K.L.:
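Could you have a look at this structure, given as structure tokens, before my questions?
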Amino acid sequence: MIAGNWKMNGNYAEAVVLAQDISDNLKELDPQTTEVVVCPPMVDLKGVGAVIDFDHAPFALGAQNVYYQISGAYTGETSPDMLKNLGCSYCIIGHSERRMYFHETDEDVNLKARALMDVDIKPIICVGEPVEQREAGLQVSYVLSQVQGALKDIQISKGDELVIAYEPIWAIGTGKTATPDDAQEVIGAIRDELLQLYGVVANKVRILYGGSAKPENILGFVGQPDIDGALVGGASLNADAFCEMVKRVDGDNE
Ligand code: PGA
């Protein structure tokens with residue numbers, strides 16, 4: 001899976017053009033082999049969704065955030081049902097930027113995951129350690145505690161109901177990537193944790209790497225035993241770079 005996180009960039013017209021370019025570029029893609037998701041800003045979901053519908057584009061629509069209540073007096077928030085209604089099948093939650101700037105906790109992430117799964121939207125649950133934890137060698141225990149918090153009381157049966165994205169904070173938007181071995185160390189530990197929680201179905205949960213992923217380094221990550229793709233920030237704003245990553249991964253899958 002390759003998921004693009006457009007973050008808070010561009011305007012409505014640019015979002016539609018980017019979606020159209022990605023659609024034109026990926027015409028031959030078989031979504032059964034490599035699943036592609038784009039996550040535009042909230043205000044662009046409808047326009048990007050229209051491009052996907054009109055073109056029968058081989059990628060899915062995702063949001064970057066949600067609130068966990070169904071409806072009511074929550075000024076400025078967006079419910080899972082509202083996202084569903086716009087055609088979202090995925091939603092990023094717990095991104096480190098949301099944890100850092102908007103004080104999102106593991107408990108919030110858990111409530112959001114459950115609310116999304118109640119309406120059959122698949123959460124892309126982001127976890128990842130700050131640089132201090134990495135330097136102290138505590139990355140695995142830090143990230144596993146985030147995973148445990150996010151998945152509290154959540155059951156899965158097929159494994160594709162949720163996605164986990166491991167994004168070491170020090171590698172996001174910095175141009176500094178983790179090495180594939182660094183990423184595998186933590187993602188392998190996440191897989192083991194999921195196996196303990198859910199049994200063999202855990203092998204079907206997609207676990208992505210995120211943090212300065214680009215065409216030149218993507219195959220190093222997906223070549224690791226437990227890494228099933230990438231959550232891409234900066235490089236997802238460029239249709240050529242994003243599609244090149246998808247094609248490299250797709251070629252590798254065949
Ligand atoms: P980046 O962002 O690819 O620009 O490092 C990744 C992310 O934050 O999801």
Side-chain angles (χ1 to χ4, degrees), residues 1-10 14-15 18-19 22 34-42 44-45 48 59-66 88 90-104 108-109 112-113 116 122-131 133-134 139 142-143 146-147 150 162-180 182-184 186-187 190 206-222 224 227-249:
M1 166 182 275
I2 299 289
N5 173 11
W6 295 1
K7 306 194 180 182
M8 193 177 74
N9 289 296
E14 286 164 345
L18 181 54
I22 295 171
T34 305
E35 198 171 352
V36 179
V37 185
V38 300
C39 304
M42 218 55 108
D44 302 332
L45 286 170
V48 172
F59 53 87
L61 186 65
Q64 300 173 16
N65 183 32
V66 68
C88 289
Y90 287 90
C91 180
I92 297 170
I93 53 175
H95 192 281
S96 59
E97 288 148 16
R98 295 215 54 88
R99 292 178 190 257
M100 195 167 16
Y101 302 127
F102 306 99
H103 314 295
E104 209 162 291
D108 295 325
V109 176
K112 290 180 178 195
L116 288 166
K122 301 173 182 185
I124 300 176
I125 300 169
C126 299
V127 293
E129 80 283 0
V131 70
Q133 259 71 20
R134 163 72 49 178
Q139 63 274 13
Y142 186 90
V143 167
Q146 289 181 317
V147 169
L162 56 88
V163 176
I164 297 191
Y166 167 58
E167 303 200 301
I169 297 175
W170 47 272
I172 296 178
T174 57
K176 262 194 224 159
T177 36
T179 65
D182 290 338
Q184 170 60 34
V186 179
I187 290 179
I190 296 174
R206 267 88 44 95
I207 311 181
L208 313 180
Y209 166 76
S212 303
K214 46 183 184 272
E216 297 73 38
N217 61 26
I218 186 67
L219 289 183
F221 290 107
V222 297
Q224 296 291 324
I227 305 184
D228 303 309
L231 178 56
V232 186
S236 73
L237 294 170
N238 177 311
D240 288 341
F242 184 68
C243 296
E244 180 59 29
M245 292 175 86
V246 172
K247 286 175 183 167
R248 287 191 189 195
V249 169

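We count ligands from 1, going down the list as the structure has it; atoms in each ligand are counted the same way. All residue numbers refer to positions in the sequence shown, counting from 1. From a predicted model like this one, the values you see are computed outputs, not experimental measurements.
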K.L.:
Is it true that a side-chain atom of Asn217 and a backbone atom of Lys214 form a donor plus acceptor pair closer than 3.5 Å?
P.N.:
yes
K.L.:
Looking only at protein heavy atoms, identify the closest one to atom 4 (O) of ligand 1 and say how far it is in Å.
P.N.:
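Going by distance alone, atom 4 (O) of ligand 1 is nearest to Gly234 N, 2.8 Å.
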K.L.:
Consider ligand 1: state whether an atom of it lies below 4.0 angstrom from any non-hydrogen atom of Ser212.
P.N.:
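The answer is yes, since Ser212 has a heavy atom less than 4.0 Å from ligand 1.
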K.L.:
Which heavy atom of Cys88 sits nearest to which heavy atom of Gly62, and what is that distance?
P.N.:
SG-C, 4.2 Å
K.L.:
Report, in ascending order of atom number, the atoms of ligand 1 lying under 4.0 Å from any heavy atom of Ala171.
P.N.:
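Going through ligand 1 atom by atom, the ones under 4.0 Å from Ala171 are 5 (O).
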K.L.:
Checking the N or O distance criterion of under 3.5 Å, is ligand 1 in contact with Glu97?
P.N.:
no
K.L.:
Give the atom numbers and elements of ligand 1 that come within less than 4.0 Å of a heavy atom of Leu231.
P.N.:
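Once the distances to Leu231 are compared, the set is 9 (O).
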K.L.:
Does any N/O atom on Gly173 come nearer than 3.5 Å to any N/O atom on ligand 1?
P.N.:
yes
K.L.:
Under the 3.5 angstrom rule, does the side chain of Lys122 hit a backbone N or O of Val163 as a donor-acceptor pair?
P.N.:
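No, the answer is negative, given that no donor and acceptor are paired below the 3.5 Å cut-off.
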K.L.:
Could you give the distance from CG (Asp182) to CD (Gln224), rounded to the nearest 0.5 Å?
P.N.:
10.0 Å
K.L.:
How many angstroms lie between CZ in Arg98 and OG in Ser96, if you round to the nearest 0.5 Å?
P.N.:
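It is 11.5 Å, given to the nearest 0.5 Å.
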K.L.:
Is ligand 1 under 4.0 Å from a heavy atom in the side chain of Ile172, in the backbone, in both, or in neither?
P.N.:
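For Ile172, the contact with ligand 1 is made by both the backbone and the side chain.
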K.L.:
Hey, does the side chain of Asn5 reach the backbone of Gly233 with a donor-acceptor pair shorter than 3.5 angstrom?
P.N.:
no
K.L.:
Test your reading of the model: is there a side-chain donor-acceptor pair from Gln64 to the backbone of Lys7, 3.5 Å cut-off?
P.N.:
yes
K.L.:
Determine whether the side chain, the backbone, both or neither of Ser96 has a heavy atom under 4.0 Å from any heavy atom of ligand 1.
P.N.:
neither
K.L.:
Using heavy-atom distances, let me know which of Gln64, Lys176, Glu167, Lys214 sits nearest atom 7 (C) of ligand 1.
P.N.:
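Nearest option to atom 7 (C) of ligand 1, by heavy atoms: Glu167.
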K.L.:
What atoms in ligand 1 come closer than 4.0 Å to a heavy atom of Gly211?
P.N.:
5 (O)
K.L.:
Quick one: does any side-chain atom of Arg248 pair with a main-chain N or O of Leu219 as donor and acceptor, under 3.5 Å?
P.N.:
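No, the answer is negative, given that no donor and acceptor are paired below the 3.5 Å cut-off.
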K.L.:
For ligand 1, is there an atom lying under 4.0 Å from some heavy atom of Ser236?
P.N.:
no
K.L.:
Quick check on contacts: which atoms of ligand 1 are under 4.0 angstrom from a heavy atom of Asn5?
P.N.:
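The list of qualifying atoms is 9 (O).
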K.L.:
How many angstroms lie between OH in Tyr166 and CD in Glu129, if you round to the nearest 0.5 Å?
P.N.:
3.5 Å
K.L.:
Show which atoms of ligand 1 fall inside a sub-4.0 Å distance from at least one heavy-atom site of His95.
P.N.:
7 (C), 8 (O), 9 (O)
K.L.:
Considering only non-hydrogen protein atoms, determine which one is nearest to atom 3 (O) of ligand 1 and report residue, atom name and distance to 0.1 Å.
P.N.:
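The closest one turns out to be Gly233 N, 2.9 Å.
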